[in-house]
There are 2 protein chains.
Amino acid sequence: MHQHSEASAIAALRKKGYKATPQRITICRYILNSRDHPSAQQVYHEVKKMHPTVSLATVYKTLGVLKDLNLTQELSLPQGQARFDSYMKPHINLVCLQCGSIIDLDDTTAIEITRRVAAAARFKPNAQRIDIFGICEKCNATE
Amino acid sequence: MHQHSEASAIAALRKKGYKATPQRITICRYILNSRDHPSAQQVYHEVKKMHPTVSLATVYKTLGVLKDLNLTQELSLPQGQARFDSYMKPHINLVCLQCGSIIDLDDTTAIEITRRVAAAARFKPNAQRIDIFGICEKCNATE
DNA sequence: TTACCTGCAAACGTTTTGCAACTGA
DNA sequence: TCAGTTGCAAAACGTTTGCAGGTAA
């Protein structure tokens, strides 16, 4: 699902004039290979394992860089922190209101929708996001 | 588009045991009749014209009540404040990255998508949101 | 009458910023 | 070498909360 290797992340950074620092590489590796849409705090705690002195500021700055490189998307949700999604193909986010998990769901509608909109309204689309809020399979079972 | 009258808002409040205070009525009237997806700050400044002593806390609390009554939806966006949408029919939000405007677009896809998802993943949907980020017609023209 | 609401101020959590020291290219 | 980066601390921001006084029903 997340097809970016470490080497391609480094190349992407350098291509746009960003330095490939150890902290950034660690952050990229974590984000680009995680499927669970981590928050900045989660990234921070994870990266600290390799770089104990890393700061939250660096995490936020790097997340900004990754957005600029189009390697991640920011999912801002009501009540609380943003979550980061490195699955950049148009898709649907299934957001569980109980456990907070976010599942990426491929669906042809997600791709189609932008095309339709560009045609219907005179709107120049850049990015998209489809969220469906509800109760996930796991929470539904344990209820 | 926004079909709620003041009387029906008062009825909705009372039905769930909320008091219909003057502040709440003013906030409801403003939110339910605005098409421009105001932020809490905008609501606050607007309501202040009628109730100069109203507090931001009351605005936030009332916005919470309106969410509970299913009369508004909170649109949290990257970089900044949440915006509030009183158009509750499934639709697409066209979010302009330049001027910040949000346009509601009716599209059959918006309704269809939840049905498909409920079937595809074993997910119990509650609410949905479709955002397309880009440049609106107006900004595109003045560019 | 009373449970609920208001408005103030303080608290909270996330994100951003300024800056001196450091470092990748 | 030097533009860009780090990490710290402080600031900024939107939002929430506790509470004493006030008000709708």
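Hydrogens, waters and symmetry mates are skipped; everything else that's a heavy atom, side chains included, is used. Convention: sequence-line order gives letters A, B, ...; per-chain numbering from 1.
- Between the C1' atom of D:dG22 and the NE2 atom of B:His51 lies a distance of 15 Å, rounded to the nearest Å.
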Problem set entry | Working for side chain to side chain donor-acceptor pair (under 3.5 Å), residues B:Tyr87 and B:Asp106 | CA-CA 10 Å; B:Tyr87 187 46; B:Asp106 276 299; 2.8 Å; yes
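- Residue B:Pro38 comes nearest to B:Ser34 through the heavy atom pair CD-OG, 3.3 Å, listed as atom of the first residue, atom of the second, then distance.
- Each of D:dT15, C:dA9, C:dT15 was ranked by its minimum atom distance to the side chain of B:Ala57; first place goes to C:dA9.
- An OP1 or OP2 oxygen of C:dG7 is reached within less than 4.0 angstrom by a side-chain nitrogen or oxygen of B:Thr58.
- Whole-Å rounding puts the A:Lys67 NZ to C:dT16 P distance at 7 Å.
- In this structure, A:Lys48 atom NZ and D:dG7 atom C1' are separated by 11 Å, rounded to whole Å.
- Contact check for B:Gln41 versus B:Leu56: side-chain heavy atoms found under the 4.5 Å cut-off.
- Closest contact between the side chain of B:Ser55 and the listed nucleotides C:dG7, D:dA24, D:dT15 involves C:dG7.
- Mapping A:Thr62 and B:Arg83 onto DNA chain D via the closest heavy atom, the residue that lands nearer the 5' end is A:Thr62.
- Between D:dT15 and B:Tyr60, a contact under 4.0 Å exists linking OP1 or OP2 to a side-chain N or O.
- Taking 4.0 angstrom as the limit, B:Gln23 places a side-chain polar atom (N or O) nearer than this to OP1 or OP2 of C:dG7.
- Toward the 5′ end of DNA chain D lies the nearest nucleotide of A:Thr21, the other residue of the pair A:Thr21 and B:Ala20 mapping further downstream.
- Rounded to whole Å, atom P of C:dG13 lies 17 Å from atom CD of A:Gln42.
- Among the nucleotides D:dC8, C:dC5, C:dT15, the one closest to any side-chain atom of A:Gln81 is C:dT15.
- The closest donor-acceptor contact from the side chain of A:Gln128 to the backbone of A:Ala110 lies under 3.5 Å.
- At a cut-off of 3.5 angstrom, the base of D:dG4 holds no donor-acceptor pair with the side chain of A:Lys61.
- For the pair A:Ile25 CD1 and D:dT5 C1', the interatomic distance rounds to 13 Å; values are reported in whole Å.
- Nearest nucleotide to the side chain of A:Arg24, out of C:dT15, D:dT6, D:dA25: D:dT6.
- If you measure from atom CG of B:Leu56 to atom P of C:dT6, you get 13 Å, rounded to the nearest angstrom.
- Residue B:Phe84 comes nearest to B:Ile31 through the heavy atom pair CB-CD1, 4.4 Å, listed as atom of the first residue, atom of the second, then distance.
- Comparing C:dC5, D:dT17, C:dT6 against the side chain of B:Lys19 picks out C:dC5 as the nearest.
- Rounded to whole Å, the distance from CG on B:Leu63 to C1' on C:dT6 is 15 Å.
- For B:Tyr18, taking side-chain heavy atoms from C-beta onward, the closest of the listed nucleotides D:dA9, D:dA24, C:dC5 is C:dC5.
- Rounding to whole angstrom units, CD of residue A:Gln41 and C1' of C:dC12 are separated by 13 Å.
- The minimum heavy-atom distance between B:Asp68 and B:Tyr18, with the atom names listed, is OD2-OH, 2.6 Å.
- When distances run from any side-chain atom of A:Arg14 to the nucleotides C:dA25, D:dT5, C:dT15, the shortest one goes to C:dA25.
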